[in-house]
Amino acid sequence: MASLIRKATQLQEKKREAAKLRRKGELEFKKAKSLTNRSISGLVSLQRKIESSKEELEDVSVVLTPRLAQQESIQRLVAAAEEHLRREKEAKDQTEQELEFAESEEEKSQAKARLQIISDRINELIEEINQRSKTFKKISQSIEDYKKSSSKLSGKIQKQTHSKPTLQNLIKTSKKATVRIAKQVSRQTKQEESAKQNLSKISKKLSELAAKRRKIATQKKKPKRKSKTTKTKSKAKIKRKSKTTKTKSKAKIKRKSKLRKRK
C-alpha cells in the first residue's frame with residue numbers, strides 16, 4: 001500500500017506538471033496563432049495598398065503622358081512664334097528703311113501701311129508667345145508635381161513590395177510554430193490524461209485496500225465480543241449448575257434426615 005501511495009503522489013505531481021506545461025503551451029499557441037492571423041491580415045492589407053498605389057501611379061501616368069505631349073506641343077509653337085517674330089522684326093527694320101529712303105509720297109504711304117501691318121503682327125506674336133509661355137509654365141509645374149507624385153508612389157510601392165517578403169516569412173515561421181506548439185500541447189494533454197487515468201486506478205485500488213482493511217479489522221473485533229458472551233454464559237451456566245447441585249444436595253440431605261427420624 002505504501003508503494004501505491006508513493007506512486008499516487010508521483011502521478012499527482014506528474015499530472016500537475018503536465019497541466020502546467022499544457023496551459024503554457026496553450027498560451028504560446030494562442031500567441032503564435034494571433035501572430036499568424038495578424039501577419040496574414042497585414043499581408044492582405046499590404047497587398048491592397050500596393051494595388052491602390054499602383055492604380056494611383058497609373059492614374060498619374062495617364063494624366064502625365066498627355067501633359068508631356070502638350071508641353072512639347074506648346075514648346076514647338078512658342079519656338080515657331082519666336083522664329084516668326086524674328087522674321088517680322090527683320091521685315092519691320094527693312095520697311096522702316098524703305099520708308100526712310102522713299103522718294104515719293106506713294107512709296108512712303110505704302111511703306112507706312114506695310115509697317116503698320118508688320119507691327120500689328122509683331123504685337124500679336126508677342127501676345128501669343130506670352131500666353132503660350134504662361135501656359136507652358138503652368139503645364140511644366142503640373143508635370144513637375146505629377147512627376148514628384150509618381151516618384152513618391154514608385155518609392156512607396158517599392159517599400160511596400162520589400163515589406164511583403166518579410167511578412168510572408170513571418171507567416172511561414174508563425175505557422176510552423178503553431179503546428180509545433182499544437183503537437184506539444186496534444187502530447188502534454190495526453191500525458192495529463194494518462195496520469196489522471198492512472199491516478200484514478202490507483203486511487204480506486206487504495207480505496208479497495210482501505211475497505212478490505214476495515215473489513216478485516218471489523219471481523220477481528222467480532223470474535224472477542226462472542227468470547228466474552230460465551231464466558232458470561234458459561235459462568236451463568238456453572239452458577240446455575242452449582243445452585244442446582246446445591247439445591248439437590250440439600251434436598252437429598254433433608255430426605256435422608258427424614259428417613260433417619262422415621263427409623
Side-chain angles (χ1 to χ4, degrees), residues 1-68 140-211:
M1 189 168 180
S3 63
L4 285 174
I5 293 171
R6 186 166 55 254
K7 191 163 185 181
T9 305
Q10 290 172 353
L11 284 170
Q12 187 69 32
E13 183 61 29
K14 189 176 180 181
K15 179 188 167 187
R16 279 198 297 268
E17 187 64 24
K20 183 180 176 182
L21 291 172
R22 174 183 56 77
R23 287 192 293 270
K24 185 180 177 182
E26 287 174 346
L27 184 61
E28 290 178 355
F29 178 81
K30 286 179 181 178
K31 287 180 179 179
K33 190 70 176 174
S34 177
L35 179 61
T36 302
N37 292 336
R38 287 200 307 274
S39 300
I40 292 171
S41 177
L43 183 61
V44 171
S45 177
L46 180 63
Q47 188 60 41
R48 286 175 182 169
K49 287 178 181 178
I50 291 172
E51 293 300 325
S52 176
S53 297
K54 284 182 177 179
E55 287 177 2
E56 287 180 27
L57 183 60
E58 188 177 348
D59 292 340
V60 169
S61 299
V62 167
V63 175
L64 186 59
T65 301
R67 289 293 174 91
L68 288 168
S140 296
Q141 183 61 50
S142 175
I143 288 169
E144 188 65 26
D145 292 340
Y146 277 114
K147 281 183 177 179
K148 285 181 181 179
S149 179
S150 178
S151 177
K152 187 177 179 181
L153 285 168
S154 296
K156 188 178 180 181
I157 290 168
Q158 189 176 8
K159 186 178 179 181
Q160 289 169 338
T161 305
H162 285 165
S163 300
K164 195 173 178 179
T166 304
L167 280 172
Q168 287 173 334
N169 290 332
L170 187 60
I171 290 168
K172 288 179 182 178
T173 304
S174 58
K175 277 185 176 180
K176 286 180 181 178
T178 302
V179 173
R180 176 177 55 79
I181 294 168
K183 288 179 180 178
Q184 288 178 354
V185 170
S186 178
R187 186 167 58 252
Q188 288 155 1
T189 303
K190 286 177 181 178
Q191 288 176 355
E192 183 185 2
E193 189 61 32
S194 176
K196 191 187 291 184
Q197 289 176 358
N198 291 332
L199 184 62
S200 178
K201 289 176 183 178
I202 289 174
S203 298
K204 188 177 179 181
K205 285 181 181 179
L206 286 171
S207 297
E208 289 174 354
L209 286 172

All side-chain hydrogen bond (donor to acceptor under 3.5 Å, both in side chains) counterparts of Lys20, not counting sequence neighbours: none
side-chain hydrogen bond (donor to acceptor under 3.5 Å, both in side chains) against Thr178, all qualifying residues, sequence neighbours excluded: none
Sequence neighbours excluded and cut-off under 3.5 Å, please list the side-chain donor-acceptor pairs for residues 145-158, or say none.
residue	atom	partner	partner atom	Å
Asp145	OD1	Gln141	NE2	3.2
Ser154	OG	Ser150	O	2.8

Separation between CG of Leu46 and OG of Ser41, rounded to the nearest 0.5 Å: 11.0 Å
Residues which pass salt bridge (charged side-chain N to carboxylate O under 4.0 Å, His left out) with Glu26, listed by chain and number, not counting sequence neighbours: Arg22
Approximate separation, where rounding is to 0.5 Å, of Leu64 CG and Asp59 CG: 12.0 Å
Qualifying residues under side chain to side chain contact (heavy atoms under 4.5 Å, CB included), relative to Lys183, sequence neighbours excluded: Val179
Side chain to side chain contact (heavy atoms under 4.5 Å, CB included) partners for Ser140, two or more places apart: Gln71, Phe136
Listed once per pair and sorted, the side-chain hydrogen bond (donor to acceptor under 3.5 Å, both in side chains) pairs that draw on residues 161-175, sequence neighbours left out: Thr36-Ser174, Gln47-Lys164
Salt bridge (Lys or Arg N to Asp or Glu O under 4.0 Å) pairs, two or more places apart, involving residues 37-57: none
From Gln184 atom CD to Glu28 atom CD, the distance as rounded to the nearest 0.5 Å: 7.0 Å
Those residues that, when tested against Asn37, pass side-chain hydrogen bond (donor to acceptor under 3.5 Å, both in side chains) (two or more places apart): none
Within 6.0 Å of CD in Glu17, more than 12 heavy atoms from elsewhere: yes
Nearest non-hydrogen partners of Ser53 and Gln160, listed with the distance: OG-OE1, 3.5 Å
Point-to-point distance, once rounded to the nearest 0.5 Å, from CG of Leu43 to CD1 of Ile50: 8.0 Å
N/O donor-acceptor pair under 3.5 Å between Ser186 side chain and Ala182 backbone: no
Heavy-atom pair with the smallest gap, counting every atom of Ser39 and Ile171: CB-CG1, 3.3 Å
Side-chain (Ser200) to main-chain (Lys196) donor-acceptor, under 3.5 angstrom: no
Set of side-chain hydrogen bond (donor to acceptor under 3.5 Å, both in side chains) partners for Glu144, sequence neighbours left out: none
